[in-house]
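Presented below is the structure to which this report refers.
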Amino acid sequence: MKPENYDDVEEIDLVEVFYAIVERWAIILLATVVLGTIGYSYGRFMVTPLYSSTSALYVLSKSTSITSMADIQVGANLTNDYMVVVTGRPVLEQVIENLGLDERYDSLRGKVRVTNETNTRILKITVTDRDIMRAKVIADETANVASAFISEKMDQDPPTIIQYGYTDTKSVSTSPNRYATYGALLGLVISVAAAILMYLLNDKIMTPEDLEKRTGLNTLATLPLDN
């Protein structure tokens, strides 16, 4: 048994929706190109590129043996502790003082990222900044200060600095081409959605089929348009 309001439900013809989109291909293309251009311009002229430099510490006490599983576990635990120490206030404030940086602890903390690759005792200290040389200097000084702080305050052999930062890295910020892609996709989605919405809101009767669909009446005859 059909619901009482079954005849009031308007079915959407996907083929007609497709043709409604195709008919507006020029507008869709224009919106895609315009927003893609705006996205590229934003990424090229408005976004400041960021660079990163990475120094590395190797955590293994001189008094331990690499053949002992217990010593290896101790080294792994120390690595986790050192990850907290490196970004702690005492270390980063000392870095600020040593380099004479015009920054507060919170702002510098946001630039420093410490990672530990799986199954290793290597700490990577990565600093991201607008100036690649400044990023390198901060990363190197953070490694030096952290190593000395661990030796003095935690009564441990200082981690060995096995790598200082490099200045030949590429920008790590989003490229203008990616902003252009985001803009183009946004323009495509908005224009297609607008075309579908215009189709759904169009209640004009243009063909005999539209009349039959909207009124349920059969068309007996049609008159040609007299220009």
Using atom types as modelled, flag every donor-acceptor pair under 3.5 Å from a side chain in residues 134-151 to any protein atom, sequence neighbours excluded.
from, atom 1, to, atom 2, distance (Å)
R134, NE, D129, OD1, 3.1
R134, NE, D129, OD2, 3.4
R134, NH2, E103, OE2, 2.3
K136, NZ, D140, OD2, 2.8
K136, NZ, G165, O, 3.0
D140, OD1, G165, N, 2.8
E141, OE2, N98, ND2, 2.9
T142, OG1, I138, O, 2.7
N144, OD1, Y164, OH, 3.0
N144, ND2, D140, O, 3.2
S147, OG, P159, O, 3.0

Counting neighbours of CE on M154 that are heavy atoms of other residues, nucleotides or ligands and sit closer than 6.0 Å, is the number greater than 12?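 Check passes, neighbour count above 12.
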
When you look at CG of D102, are more than 12 heavy atoms from neighbouring residues, nucleotides or ligands closer to it than 6.0 Å?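 Atom CG in D102 is not crowded, with 12 or fewer foreign heavy atoms closer than 6.0 Å.
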
Verdict with reasoning, R109 to R89, per side chain to side chain contact (heavy atoms under 4.5 Å, CB included): CA-CA 8 Å; R109 175 66 183 85; R89 185 178 292 271; over 6 Å; no

Measuring from I122:CD1 to Y58:OH, what's the distance to the nearest 0.5 Å?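 Rounded to the nearest 0.5 Å, the CD1-OH separation comes out at 7.0 Å.
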
From F18 CZ over to E23 CD, what is the distance, rounded to the nearest 0.5 angstrom?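 F18 atom CZ to E23 atom CD measures 11.0 Å (nearest 0.5 Å).
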
Closest heavy-atom contact between [X] and [Y]?
| X | Y | result |
| --- | --- | --- |
| I132 | Y166 | CD1-O, 3.9 Å |
| R130 | L50 | CG-CD2, 3.8 Å |
| T128 | V172 | CG2-CG2, 4.1 Å |
| L108 | V95 | CD2-CG1, 4.4 Å |
| L92 | V86 | CD2-O, 3.7 Å |
| I96 | Y105 | CD1-N, 3.9 Å |

Give the intermediate values and the outcome of side chain to side chain contact (heavy atoms under 4.5 Å, CB included) for residues T160 and L57. CA-CA 5 Å; T160 303; L57 299 176; over 6 Å; no

Side-chain heavy atoms under 4.5 Å apart, restricted to Ile/Leu/Val/Met/Phe/Trp/Tyr: what other residues fall into the cluster of V84, or is it alone?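 Via sub-4.5 Å side-chain contacts, V84 links to none.
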
Test of understanding: clusters of I, L, V, M, F, W, Y form through side-chain heavy atoms closer than 4.5 Å, transitively. Do [X] and [Y] belong to the same one?
| X | Y | value |
| --- | --- | --- |
| L186 | L188 | no |
| V127 | M133 | yes |
| V192 | V17 | yes |

Return each pair, listed once, that meets side chain to side chain donor-acceptor pair (under 3.5 Å) where at least one residue sits in residues 172-198; pairs must be two or more places apart or across chains.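 Pairs touching residues 172-198 that pass the test: S171-S173.
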
Sorted by first residue and then second, give each side chain to side chain donor-acceptor pair (under 3.5 Å) pair with at least one member in residues 38-56; sequence neighbours left out.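 Residue pairs with at least one partner in residues 38-56: T54-T126.
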
All side-chain hydrogen bond (donor to acceptor under 3.5 Å, both in side chains) counterparts of E117, not counting sequence neighbours: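 Only K124 meet the side-chain hydrogen bond (donor to acceptor under 3.5 Å, both in side chains) criterion with E117.
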
For residues 25-39, please give each side-chain donor-acceptor pair under 3.5 Å, one per line with the distance, not counting sequence neighbours.
from, atom 1, to, atom 2, distance (Å)
T32, OG1, I28, O, 2.8
T37, OG1, V33, O, 2.8

